[in-house]
Amino acid sequence: MLILCVLSENECTRFSSIGKAIPDISPKVLTETLKNLQADGLISRKIYATIPPKTEYSLTPLGKSLMPVIGSLIEWALTNFDAVTSTRRTRLK
């Protein structure tokens with residue numbers, strides 16, 4: 001979800017920019033996740049024949065159609081964060 005949110009903020013995003021936006025993700029995990037999102041049809045990958053090679057990622061129409069659902073989930077999480085953490089604290093005692 002984080003990668004999709006980063007990609008939704010820009011038309012095209014380079015690998016390094018995605019990594020900088022999500023500092024806790026390793027390059028290996030980022031690469032694998034991007035491959036999976038591309039295989040699922042949620043993102044597209046464009047390679048430019050430059051030196052050094054340049055690769056950009058963007059949301060496909062299918063990926064863009066998912067963003068309102070993710071936005072709703074984020075809104076719910078922000079609205080209910082305090083209630084969830086309070087319940088968690090109560091149950092862990």
Fill in the blank from the handout: Across all chains, not counting sequence neighbours, the salt bridge (Lys or Arg N to Asp or Glu O under 4.0 Å) partners of Lys54 are Glu56

Exercise for the section: Report yes if the side chains of Thr31 and Lys35 come closer than 4.5 Å at any heavy-atom pair, otherwise no. Expected result: yes

Exercise for the section: Answer yes or no: is there a side-chain heavy-atom contact under 4.5 Å between Thr55 and Phe15? Expected result: no

Practice task
Evaluate side chain to side chain contact (heavy atoms under 4.5 Å, CB included) for Arg89 paired with Thr85, printing each intermediate quantity in order.
Solution key: CA-CA 6 Å; Arg89 279 192 300 261; Thr85 54; 4.2 Å; yes

Practice task
Could you walk me through whether Ile22 and Leu30 pass the side chain to side chain contact (heavy atoms under 4.5 Å, CB included) test, one step at a time?
Solution key: CA-CA 9 Å; Ile22 310 170; Leu30 178 55; 5.5 Å; no

Problem - Name of the residue among Leu37, Leu4, Leu66, Leu42 meeting side chain to side chain contact (heavy atoms under 4.5 Å, CB included) with Leu59 - result: Leu4

For the [atom1] atom of [X] and the [atom2] atom of [Y], what is their distance to the nearest 0.5 Å?
X	Y	atom1	atom2	result
Ser8	Lys64	OG	NZ	10.0 Å
Arg14	Lys20	CZ	NZ	9.0 Å
Glu9	Ser17	CD	OG	11.5 Å
Thr13	Asn10	OG1	CG	4.0 Å
Asn36	Glu32	CG	CD	6.5 Å

Completion exercise
Tyr57 and Leu7 have their tightest heavy-atom pair at O-CD2, 3.7 Å

Fill in the blank from the handout: Smallest heavy-atom separation, Ile74 atom then Cys5 atom, equals CD1-SG, 3.8 Å

Practice task
Please check if any side-chain donor atom of Ser44 sits under 3.5 Å from a side-chain acceptor atom of Ser58, or the reverse.
Solution key: yes

Handout entry: Heavy-atom donor-acceptor pair, Ser65 side chain to Leu62 backbone, under 3.5 Å
Key = yes

Exercise for the section: For Thr87 and Ala83, indicate whether the former's side chain and the latter's backbone hold a donor-acceptor pair under 3.5 Å. Expected result: yes

Problem - Leu2/Ile25 under side chain to side chain contact (heavy atoms under 4.5 Å, CB included): CA gap, chis, key distance, verdict - result: CA-CA 10 Å; Leu2 286 174; Ile25 194 168; over 6 Å; no

Handout entry: Criterion side chain to side chain contact (heavy atoms under 4.5 Å, CB included) on Arg45 and Ile47, from CA distance to verdict
Key = CA-CA 7 Å; Arg45 177 178 179 226; Ile47 302 170; 3.7 Å; yes

Handout entry: ILVMFWY network linking Met1 to Ile43, side-chain heavy atoms under 4.5 angstrom
Key = yes

Practice task
Say whether Val6 and Val69 are linked into one hydrophobic cluster, either directly or through other cluster members, by side-chain heavy-atom distances under 4.5 angstrom.
Solution key: yes

